[in-house]
Amino acid sequence: SFTFHSNAFRIKAGANIAIHNDEYFIYPDLALALAISGNQIILFGGWTGDLQKNNFRSLSTYNPFIARRIHVMNSQYNDYFGGLKGNVSFIQYELKGGYKQTKDMALFQATNTLPIGFDVLYDDVNLIYALGNIVVHPVKNVEIGLMITKNFYDPATQAKAWYLPDLEGNARIQYKTMGDRLQVALETYYMDKFPTLGAFGETGESNTLLDVNVQADFFITKKFGVFAHLNNLANIQHRRWLDYPGIGLNVIGGLQVRF
């Protein structure tokens, strides 16, 4: 890729090259950033594409309950995006929207086996998305972050984008002290309802996820520390995957070592 830049703009022109089964795929990697007002307001846009190589490991990382025998296909996508970003005083922000075309996106359907597993369905999906991200440092050692993502799926064959959330949000407040040796954080994660598909074609909706966590990490030395995390204070057993409820209120603690 080639990059051209000055104080007012930055242009990137290149390509992503992928190889699968001795077949070559070439995708664009284009980006433009224009400083409207220094680092305070930056207008950006681009067009990127790539071949997402799926395998059992990557699919089971996303869905731990997929069936042992599944048909694996790669996904191809083109992402056209644009937005604004910048730094204003103690605020860092990014507003981004785009249109993403994906060929053979992985969706999921429950099986009629016991225990329930999931088959992988592939469909061509057009996606319109919008996201906002803001990080604020109101006072020393305090960081507040907020991120919201909204997706609008349009599958070519399936009625809906099964098991893919269309609204997610994350908020975090973090405080550091004692030379960053002690870190305390309050974090909230939200996922809206999403469509589900059963083994015999029955459809439904998941429940809503509201996950509130408190975390404390303390390093006694530069390399040795302890931590305690209190998770899911709302005690909502969200069913991310059909018939597999999540863990309710729980506490995790232990030791951590830096190398």
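- Annotation: N39, atom CG; neighbour count of heavy atoms from other residues, nucleotides and ligands within 6.0 Å does not exceed 12.
- Every residue meeting the side-chain hydrogen bond (donor to acceptor under 3.5 Å, both in side chains) condition with N78, not counting sequence neighbours, appears here in chain and number order: W47.
- A continuous path of ILVMFWY side-chain contacts below 4.5 Å connects I128 to Y80, so both sit in one hydrophobic cluster.
- For the residue pair D50 / Q52, no side-chain donor-acceptor distance below 3.5 Å is found, with atom types taken as modelled.
- Note on L182 and F227: separate hydrophobic clusters, where clusters join Ile, Leu, Val, Met, Phe, Trp and Tyr whose side-chain heavy atoms are under 4.5 Å apart, directly or indirectly.
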Under 3.5 Å, which donor-acceptor pairs link side chains of residues 250-259 to any protein atom two or more places apart or in another chain?
| from | atom 1 | to | atom 2 | distance (Å) |
| --- | --- | --- | --- | --- |
| N250 | OD1 | N231 | ND2 | 3.1 |
| N250 | ND2 | G248 | O | 2.8 |
| Q256 | NE2 | D217 | OD2 | 3.2 |

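- Side-chain contact, H20 with N74: a donor N or O sits under 3.5 Å from an acceptor N or O.
- Atoms CG and CE, from L131 and M147 in turn, are 8.0 Å apart once rounded to the nearest 0.5 Å.
- Not a single donor-acceptor pair under 3.5 Å links the side chain of H71 to the backbone N or O of V120.
- With rounding to the nearest 0.5 angstrom, the CZ atom of F118 is 13.5 Å from the CG atom of L59.
- Judged purely by atom type and a 3.5 angstrom limit, E205 has no side-chain atom pairing as donor or acceptor with the backbone of T196.
- Proximity of S60 to R68: side-chain heavy atoms (C-beta onward) are nowhere separated by under 4.5 Å.
- In terms of heavy-atom proximity, I19 sits nearest to K53 at O-NZ, 2.8 Å.
- Between Q215 and R172, some side-chain heavy-atom pair lies under the 4.5 Å cut-off.
- Side-chain heavy atoms closer than 4.5 Å link hydrophobic residues (I, L, V, M, F, W, Y) into clusters, and following such links, even through other members, never connects L167 to W162.
- By the neighbour-count criterion of 12 heavy atoms within 6.0 Å, atom CD1 of I247 is sparsely surrounded, having that number or fewer from other residues, nucleotides or ligands.
- Side-chain atoms of R181 come within 3.5 Å of backbone N or O of F219 as a donor-acceptor pair.
- When all heavy atoms of G132 and L95 are compared, the pair lying nearest together is CA-CD2, 4.1 Å.
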Exercise for review: Test Y190 against I148 for side chain to side chain contact (heavy atoms under 4.5 Å, CB included), laying out the working first.
Suggested key: CA-CA 9 Å; Y190 173 83; I148 299 176; over 6 Å; no
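- The shortest non-hydrogen separation linking P165 to Y153 is O-OH, 3.2 Å.
- Y244 places a side-chain N or O within 3.5 Å of a backbone atom of I116 that can act as its donor or acceptor partner.
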Practice item. Apply side chain to side chain contact (heavy atoms under 4.5 Å, CB included) to the pair N207 and H238, showing each step before the final yes or no. Key: CA-CA 6 Å; N207 60 337; H238 177 64; 3.2 Å; yes
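- A side chain to side chain contact (heavy atoms under 4.5 Å, CB included) with I173 is found for exactly one of L146, I144, V136, namely I144.
- For the atom pair CD (Q183) and OG1 (T177), the distance works out to 10.5 Å, reported to the nearest 0.5 Å.
- The closest donor-acceptor contact from the side chain of T111 to the backbone of G117 lies under 3.5 Å.
- In this structure, R10 fails the cation-pi test against F44, since its NZ or CZ atom is not both closer than 6.0 Å to the six-membered ring centre and inside 45 degrees of the ring normal.
- Looking at every heavy atom in both residues, F56 comes nearest to A67 through CE1-O, 3.4 Å.
- By the criterion of side-chain heavy atoms lying less than 4.5 angstrom apart, applied directly or through intervening Ile, Leu, Val, Met, Phe, Trp or Tyr residues, L230 is not grouped with F218; the two fall into different hydrophobic clusters.
- To the nearest 0.5 Å, the span separating NZ on K12 from NE2 on H5 amounts to 13.0 Å.
- At least one side-chain heavy atom of L233 sits less than 4.5 Å from a side-chain heavy atom of L249.
- Distance check, rounded to the nearest 0.5 Å: CH2 of W241 to CG of N63 gives 4.0 Å.
- Side-chain contact check for D104 versus Q76: every heavy-atom pair is 4.5 Å or farther apart.
- Taking the ring axis of Y129 as reference, the NZ or CZ atom of K100 does not stay both within 45° of it and closer than 6.0 Å to the ring centre.
- The hydrophobic cluster containing I70 also contains L107, counting ILVMFWY residues as joined when their side-chain heavy atoms lie under 4.5 angstrom apart, directly or transitively.
- Judged by the 6.0 Å and 45° rule, K150 forms a cation-pi pair with F152.
- A distance-only check finds no donor-acceptor pair linking the side chain of D166 to the backbone of N151 [under 3.5 Å].
- In N55, the CG atom is crowded: over 12 heavy atoms of neighbouring residues, nucleotides or ligands sit closer than 6.0 Å.
- The side-chain heavy atoms of P195 and T203, taken from C-beta on, include no pair separated by under 4.5 Å.
- Annotation for Y62 and R240: closest pair OH-NH2, 2.8 Å, computed over non-hydrogen atoms.
- In this structure, F65 and L242 have side chains that are not in contact, with every pair of non-hydrogen atoms separated by 4.5 Å or more.
- Remark: the backbone N or O of E168 is not paired with any side-chain donor or acceptor of T149 at under 3.5 angstrom.
- Minimum interatomic distance between V72 and Y122 (heavy atoms only, all atoms of both residues): CA-OH, 3.3 Å.
- The line from CG of N141 to CD of E143 is 11.0 Å long, rounded to the nearest 0.5 Å.
- The side-chain hydrogen bond (donor to acceptor under 3.5 Å, both in side chains) test applied to Y163 returns no partner, not counting sequence neighbours.
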Point to revise | Worked check of side chain to side chain contact (heavy atoms under 4.5 Å, CB included) between I42 and L34 | key: CA-CA 6 Å; I42 300 174; L34 181 62; over 6 Å; no
Check your understanding: Can you list the steps and then say if L210 with T188 is a side chain to side chain contact (heavy atoms under 4.5 Å, CB included)?
Key -> CA-CA 7 Å; L210 179 61; T188 301; 3.7 Å; yes
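- T102 places none of its side-chain heavy atoms less than 4.5 Å from the side chain of D79.
- The backbone N or O of G38 lies less than 3.5 Å from no partner atom in the side chain of Q40, so there is not a single donor-acceptor pair.
- No hydrogens or angles considered: nothing links the side chains of N16 and T48 as a donor-acceptor pair under 3.5 Å.
- The shortest side-chain heavy-atom distance between D124 and T157 does not fall under the 4.5 Å cut-off.
- Checked by atom type and distance alone, the side chain of N213 pairs as donor or acceptor with a backbone atom of N232 at under 3.5 Å.
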